[in-house]
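Naming: A, B, ... by sequence-line order, numbering from 1 per chain.
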There are 2 protein chains.
Amino acid sequence: MPGETANPASVDRIYDAVRELAASYAIKPDERINEGSLAKSLGASRTPVREALNRLVAEDLLVFHPGKGFFCRALDPQQIFDLYELRVIIEEAAVTLACERAEDSDIEALRLDLMTNGLDYEGKSVKELVAYDEHFHQTLVSLSGNGELVKRLRNINARIRFVRWFDMEQRISVTRGEHRELMDQLAKRDAAACRNILRGHIEKRLDQIIAFARAGYSALYLPDSQGPLTGSPLIASSGR
Amino acid sequence: MPGETANPASVDRIYDAVRELAASYAIKPDERINEGSLAKSLGASRTPVREALNRLVAEDLLVFHPGKGFFCRALDPQQIFDLYELRVIIEEAAVTLACERAEDSDIEALRLDLMTNGLDYEGKSVKELVAYDEHFHQTLVSLSGNGELVKRLRNINARIRFVRWFDMEQRISVTRGEHRELMDQLAKRDAAACRNILRGHIEKRLDQIIAFARAGYSALYLPDSQGPLTGSPLIASSGR
DNA sequence: ACATACAGTCCTGTATACAGATAAATATGC
DNA sequence: GCATATTTATCTGTATACAGGACTGTATGT
């Protein structure tokens, strides 16, 4: 890619960039965002930056304290639990609807995608694995035909992505098998079986995930190249 | 509170005001929002107005077309259907969790609230009835203990409020009875019964609601004091 | 008469400037 | 030496200014 020259049509670009920073916790929990530095580092002025920040506040990826400015969302175990619970609710409902409505061809396309891109995890980074996992579940939910479910899951995924990076390291092979079985049952239109697989698939991880969220603050503050966050662009390098 | 005189700490105030306008379709579907007029009518400048508008875009109450500006969301039957479907999903899941987790005292408090404020619908406007209905369902979902479910429902309610104004006119008494029965079953912790009541409660209305959404554009454009939108402050009065 | 080109106007998108507030750092008194 | 008061600097919140593009209406040509 030879481009991204500088600024054109900047607000969406800024939005994407900051969303990435917030999702990956490259901006640390509860860290204040310096609008000036951020604007300079993105090659724009504060005005469009603030517009993007406001959108992210509405998505709960950032929080806003009047008079203080914008902050990264906290790493709140209760909230992470709530999000996982919501994720189960949405995916169970979506797969049930998919059993009723999805076209055979769409189901087959997802299975093929899984076989092609979802099974060989050798040589891939954790980030890439999580990215595929998100893609798989996102496509699965889209088979429900309900665009709102898709949007909700997209928001959830952005907000728990960081946790899943740590979770994924231990459960790759399990994930793989469960995805395959899910597709088998979906092809048979067995909604109850699909729901059971999904619930187990997600909920089995909850305990360790919550434990991580409680204890795992520290991992966020290790130097660099600790954990799966290798090469994340850091933000606040303002020499102050 | 003796005030809110004019402008202080304006962004939240603007956000609330525009959210109200968008939810009630005082800004018509697909209508462009003139930032200058809106800013003037709210006694602020364009900058904070745009910040509020961006938040509402992230909540899908408005849409943004680059180079064109901000528009009210369209009245899309498919999307309304999706939102009702999502609402059923969330409320069913929430009531199931509430059966497991809610305190007896909280359930009793909601029942009392229903008996006190939710039963006498004489002399109340449709808007007030819908407002209480929203409040009831919102509190019900909060009994699940999952804050994300509450937030999601809040967004859904804002986006389908307008449709419910029309729906409510025909179904007040039914609503009343179903709410009571729901509270009875919730007190008995009968999750399956609660789910059935809720699903029926919401889904029974879908057909007429979709029909309205398809045909009902016209109702939005009637003079004033037609339908339940009496006295809504209109927006684009820019003498151009 | 209809379509197309043109010009003027309005509005958006972004940068910048300024005022108020917050937090930090220094100095002062006990 | 520690706590408190005061000053200083930085940053947020908002208004305003300006440039580029979109739309409306008119005029011209076929």
*Indicate yes or no for a side-chain donor-acceptor contact from A:Asn54 to the backbone of A:Arg50 under 3.5 Å, with no hydrogens or angles considered.*
yes

*Just compare D:dG13, D:dC11, C:dC11 and give me whichever is closest to any side-chain atom of A:Arg32.*
D:dC11

*Should the ring pair A:Phe64 and A:Phe70 be called parallel, tilted or perpendicular, given that the plane angle runs from 0 to 90° and is split at 30 and 60?*
tilted

*asked:* Distance check needed: C:dT22 C1' versus A:Phe71 CZ, whole Å only.
replied: 11 Å

*Has the side chain of A:Asp106 got a donor or acceptor atom that lies under 3.5 Å from a matching backbone atom of A:Ala102?*
no

*Grab the CZ-C1' distance between B:Phe70 and C:dC11 for me, whole Å please.*
13 Å

*Do the charged groups of B:Glu59 and B:Arg19 touch, with an N to O distance under 4.0 Å?*
yes

*asked:* Distance check needed: D:dG13 C1' versus B:Asp12 CG, whole Å only.
replied: 12 Å

Distances under 3.5 Å between protein N/O atoms and the N/O atoms of nucleotides 16-20 of chain C, please, pair by pair.
from, atom 1, to, atom 2, distance (Å)
C:dT16, O4, A:Thr47, OG1, 3.2

*Roughly how many Å is it from CG in B:Asn34 to C1' in C:dG13, rounded to a whole number?*
14 Å

*Just by distance, do the side chain of A:Arg101 and the backbone of A:Ser144 share a donor-acceptor pair under 3.5 Å?*
yes

*In residues 53-69 of chain A, which ones come under 4.0 Å of DNA chain C, going by heavy atoms?*
A:Gly67, A:Lys68

*Taking ring pair (Phe, Tyr, Trp, His ring centres under 6.0 Å) as the test, write out the residues that go with B:Tyr84, two or more places apart.*
none

_Using the side-chain heavy atoms of B:Ala44, tell me which of these nucleotides is nearest: D:dG13, D:dA15, C:dT12._
D:dA15

*asked:* Could you tell me how far apart B:Lys40 (NZ) and D:dA15 (P) are, to the nearest whole angstrom?
replied: 15 Å

*Backbone N or O of A:Ser125 within a donor-acceptor pair of the A:Glu128 side chain at under 3.5 Å?*
yes

_Does the Lys NZ or Arg CZ of A:Arg73 fall within the cation-pi geometry relative to A:Tyr25 - under 6.0 Å from the ring centre and within 45° of the axis?_
yes

